[in-house]
J.: 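Here it is, the structure in full.
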Amino acid sequence: MKLKKTVRMPVVMRRLRDPDINPCLLESDASARCMDENNYDRERCSTYFLKYKNCRKFWNSIMNQRRQNGVKPPMPTAAERDEILGAMGKMPY
């Protein structure tokens, strides 16, 4: 009987796909999907890139504030991020 070999994702990729580590996973996936659908025409996907960039800026500013205040971990978990966004009432990016 031949065993089926499972392919493991590299650690870096697993971290990027982890919603607790990557707060902009949806924006990242949307921009990649746009590139796939538009034959890698960057101009057609500029709004997706802008949303991703604004997402990164927003969560990096939150991380910096938490570091300055001594809060660990610096990046809020996915559940904490949902609470933060819910308290704001709308998406800040």
J.: Under a 4.5 Å side-chain heavy-atom rule over Ile, Leu, Val, Met, Phe, Trp and Tyr, are Ile62 and Leu85 clustered together?
T.: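 Yes: a chain of side-chain contacts under 4.5 Å links Ile62 to Leu85.
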J.: Can you confirm whether Arg44 sits close enough to Met35 that some side-chain heavy atom of one is under 4.5 Å from a side-chain heavy atom of the other?
T.: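 They are not in contact (no side-chain heavy atoms under 4.5 Å apart), so the answer is no.
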J.: Where is the tightest heavy-atom contact between Cys55 and Pro23, given as atom of each residue plus distance?
T.: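 Smallest interatomic distance, heavy atoms only, reads SG-O, 4.0 Å.
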J.: So which heavy atom on Met75 is nearest to which on Trp59, and how close?
T.: CE-CB, 4.0 Å
J.: For residues Arg33 and Tyr48, determine if any side-chain heavy atom of one lies less than 4.5 Å from a side-chain heavy atom of the other.
T.: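 Arg33 does not reach Tyr48 side chain to side chain.
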J.: Can you classify the ring geometry of Tyr93 versus Phe58 as parallel (below 30°), tilted (30 to 60°) or perpendicular (above 60°)?
T.: tilted
J.: Counting only heavy atoms not in Asn39 (residues, nucleotides, ligands), do more than 12 fall under 6.0 Å from its CG?
T.: no
J.: Looking at Cys45 and Asn38, what are the two nearest heavy atoms and their distance?
T.: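 For Cys45 versus Asn38, the nearest heavy atoms are SG-ND2, 3.9 Å.
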J.: Taking the side chain as every heavy atom from C-beta outward, state whether Thr77 and Glu83 have any pair of such atoms under 4.5 Å apart.
T.: no
J.: Under a 4.5 Å cut-off applied to non-hydrogen side-chain atoms, are Met63 and Pro73 in contact?
T.: no
J.: Say you draw a straight line from OG of Ser31 to CG of Leu26; how long is it, rounded to the nearest 0.5 Å?
T.: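 CG of Leu26 is found 11.0 Å from OG of Ser31.
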J.: Quick one: are Arg56 and Asn22 in side-chain contact, heavy atoms under 4.5 Å?
T.: yes
J.: If two hydrophobic side chains count as joined below 4.5 Å and joins carry through other members, does Ile84 share a cluster with Met91?
T.: yes
J.: So Asn64 and Arg67, do their side chains get closer than 4.5 Å, heavy atoms only?
T.: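 Yes, close enough: below the 4.5 Å cut-off.
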J.: Between Arg81 and Asp20, what is the shortest heavy-atom contact and its length?
T.: NH1-O, 3.4 Å
J.: Measure across Pro19 and Ala78 and return the closest heavy-atom pair with its distance rounded to 0.1 Å.
T.: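 Reported closest heavy-atom pair: O-CB, 3.9 Å.
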